[in-house]
Amino acid sequence: MSSSDTPAPETPRGTAGRHAPTSGTGRPTLAQVVSALDGLYPPSTAEGWDAVGLVAGDPAAPVGKVLFAVDPVAAVVDEALDWGADLLVTHHPLFLRGVSSVAATTFKGSVVHRLLTGGCALHVAHTNADAAPRGVADALADLVGITDRRPLEVSAAGETHELSHGLAPGAGHGTGYGTDRGIGRVGRLAEPTTLADFARRVAAVLPATAQGIRFSGDPDALVTTAAVLGGSGDGYFDAVRAADADVYVTSDLRHHPASELRERAEFESRAAGASGPAGIPFLVDTAHYASEWPWLRYAVEDLAAALAADGLAVEARVSEIVTDPWTGQVPSR
């Protein structure tokens with residue numbers, strides 16, 4: 001599939017559109033929009049290695065249009081500037097590590113210069129959006145049909161945030177989105193299904209990419225519980241095993257960790273004479289971009305609601321550009 005053949009992501013079935021309703025009347029400043037975003041995705045809940053928050057822009061500048069995207073790549077910058085956006089909000093950081101220059105002679109420096117010259121600020125919500133209620137994990141869990149869910153792993157940053165706001169860690173478990181902040185989600189599937197049918201569901205609800213969806217395990221095995229983690233997730237295999245999930249949906253699965261997990265699962269299943277699905281957890285591997293894109297719709301809706309509560313409004317939308325770096329696939333024989 002060539003890049004021109006890769007379709008733009010579709011709004012998942014049964015969901016609202018990509019533009020948020022705006023019920024406020026006043027035009028906010030960048031500082032007010034950032035404050036609303038920080039309320040939804042507190043920077044204090046980001047992982048310690050992460051780089052989130054306002055990257056570029058004048059806090060006093062007015063904001064009328066906000067574009068949400070997964071990646072701050074050149075094509076997305078083109079879209080933001082062509083649309084006249086005053087703010088670009090991306091999931092992935094432009095600068096994850098420290099730099100000594102943002103000169104326009106570098107590709108990342110050129111992004112900053114083009115945005116500022118065009119009057120568009122840049123803000124990042126990364127692992128703080130992964131962990132948030134109605135964040136990346138919840139959006140993915142909603143699409144694949146996980147109910148009665150909880151974080152796969154409650155982060156220390158999330159617990160600190162809850163305690164500082166007078167909330168008991170895990171107070172929202174089993175109550176929809178609740179107040180839970182943590183990496184991934186795990187819970188019960190709305191209906192038991194086979195692994196193959198579950199993988200087909202994942203393929204149907206996520207944006208199309210050249211990679212498609214891969215799975216590992218018996219296609220006919222019945223699965224009743226699932227864990228999800230948007231983005232790279234093979235570092236959380238121990239948490240998935242501890243949660244006793246039948247299947248794990250994540251991205252960027254590498255050969256050795258995936259192979260060792262499946263071998264261990266099948267060995268221990270035989271040794272224990274397990275009566276359930278043999279060799280759990282099964283694996284469903286998605287493109288990184290595809291597993292995180294669904295959150296953008298929630299972000300548009302929730303920003304609009306947060307601003308409207310203060311009598312403010314912006315026009316916000318989700319980028320239609322597929323920023324998955326893979327542009328084609330040749331089936332093996």
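Reckoned from all heavy atoms, side chains included, excluding hydrogens, waters and symmetry mates.
Remark: Arg134 CZ to Arg297 CZ distance equals 7.0 Å, nearest 0.5 Å. Note that CD of Glu266 is 9.5 Å distant from CG of Asp218, once rounded to the nearest 0.5 Å. Taken from SG in Cys120 to CG in Leu81, the straight-line distance is 6.0 Å, to the nearest 0.5 Å. Taking CG from Leu37 and NE2 from His123, the interatomic distance works out to 4.5 Å, rounded to the nearest 0.5 Å. In this structure, CG on Asp142 lies 3.5 Å from OH on Tyr298, to the nearest 0.5 angstrom. Asp148 contributes atom CG, which lies 14.0 Å from atom CZ of Arg185 (distance to the nearest 0.5 angstrom).
In this structure, the side chains of Glu79 and Leu88 stay at 4.5 Å or more apart for every pair of heavy atoms. The side-chain heavy atoms of Val247 and Val284, taken from C-beta on, include a pair separated by under 4.5 Å. Inter-residue side-chain proximity for Pro294 and Leu206 is flagged as met; some heavy-atom pair is nearer than 4.5 Å. Using a 4.5 Å cut-off on side-chain heavy atoms (C-beta onward), Phe95 and Val112 make contact. With a 4.5 Å cut-off on side-chain heavy atoms, Pro43 and Asp38 count as touching. Using a 4.5 Å heavy-atom threshold, the side chains of Val186 and Val240 count as separate.
In terms of heavy-atom proximity, Gln32 sits nearest to Leu307 at O-CD2, 4.2 Å.
Checking side-chain atoms of Asp252 against main-chain N and O of Ala287 turns up no donor-acceptor pair under 3.5 Å. Panel note: side chain Thr117, backbone His113; a donor-acceptor pair is recorded below 3.5 Å. Side chain of Thr127 to main chain of Glu47: a donor-acceptor pair is present (N/O by atom type, distance under 3.5 Å, no hydrogens or angles). The backbone N or O of Thr224 sits less than 3.5 Å from a side-chain atom of Asp246, completing a donor-acceptor pair. Not one N or O on the side chain of Asn128 forms a donor-acceptor pair closer than 3.5 Å with the backbone of Thr45. The closest donor-acceptor contact from the side chain of Thr250 to the backbone of Ser232 lies at 3.5 Å or more, if one exists at all. Without hydrogens or angle criteria, Ser110 side chain to Phe107 main chain gives a donor-acceptor distance under 3.5 Å.
In this structure Pro93 satisfies the side-chain contact (heavy atoms from CB on, under 4.5 Å) test together with Asp50, Leu96, Val124, His126, sequence neighbours excluded. Ala103 pairs by the side-chain contact (heavy atoms from CB on, under 4.5 Å) definition with Ser101, Thr105, not counting sequence neighbours. For Val111, the side-chain contact (heavy atoms from CB on, under 4.5 Å) criterion is met by Val77, Leu94, Leu115, not counting sequence neighbours. Residues that satisfy the salt bridge (Lys or Arg N to Asp or Glu O under 4.0 Å) test with Asp244, not counting sequence neighbours, are absent from this structure. Residues satisfying the salt bridge (Lys or Arg N to Asp or Glu O under 4.0 Å) criterion with Asp197, sequence neighbours excluded, are Arg200.
There is no path of hydrophobic side-chain contacts, each under 4.5 Å, that joins Leu195 to Leu229. A continuous path of ILVMFWY side-chain contacts below 4.5 Å connects Ile280 to Val144, so both sit in one hydrophobic cluster. Cluster membership for Phe282 and Leu253, using ILVMFWY side-chain heavy atoms within less than 4.5 angstrom, is not shared.
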> Between Val102 and Lys108, is a side chain to side chain contact (heavy atoms under 4.5 Å, CB included) present by the stated rule, with each step listed?
Replying inline: CA-CA 7 Å; Val102 290; Lys108 290 190 176 183; over 6 Å; no
> So His256 and Glu260, side-chain hydrogen bond (donor to acceptor under 3.5 Å, both in side chains) or not? Walk me through it.
Replying inline: CA-CA 6 Å; His256 291 296; Glu260 290 181 5; 5.1 Å; no
>> I'd like to know whether Thr193 forms a side chain to side chain contact (heavy atoms under 4.5 Å, CB included) with Val223, so could you lay out the CA-CA distance, the side-chain angles of the two residues, the decisive distance to 0.1 Å, and finally the verdict.
In response: CA-CA 6 Å; Thr193 185; Val223 294; 3.8 Å; yes
>> Applying side chain to side chain contact (heavy atoms under 4.5 Å, CB included) to Leu261 and Tyr248, what does each step give before you reach the verdict?
In response: CA-CA 11 Å; Leu261 174 77; Tyr248 179 38; 5.7 Å; no
> Where do Thr286 and Ile213 land on the side chain to side chain contact (heavy atoms under 4.5 Å, CB included) test, with the steps shown first?
Replying inline: CA-CA 5 Å; Thr286 78; Ile213 301 297; 3.7 Å; yes
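In summary, Arg264 and Glu268 engage in a salt bridge, as defined by a charged side-chain N under 4.0 Å from a carboxylate O.
Aromatic ring pairs are classed by plane angle as parallel below 30°, tilted from 30° to 60° and perpendicular above 60°; the pair His91 and Trp295 is tilted.
Using modelled atom types, one finds a donor on one side chain and an acceptor on the other under 3.5 Å when comparing Arg262 with Ser216.
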Enumerate donor-acceptor pairs with a distance under 3.5 Å from any side-chain N or O in residues 54-70 to protein atoms, sequence neighbours excluded.
| residue | atom | partner | partner atom | Å |
| --- | --- | --- | --- | --- |
| Asp58 | OD1 | Ala60 | N | 3.0 |
| Lys65 | NZ | Trp83 | O | 2.9 |

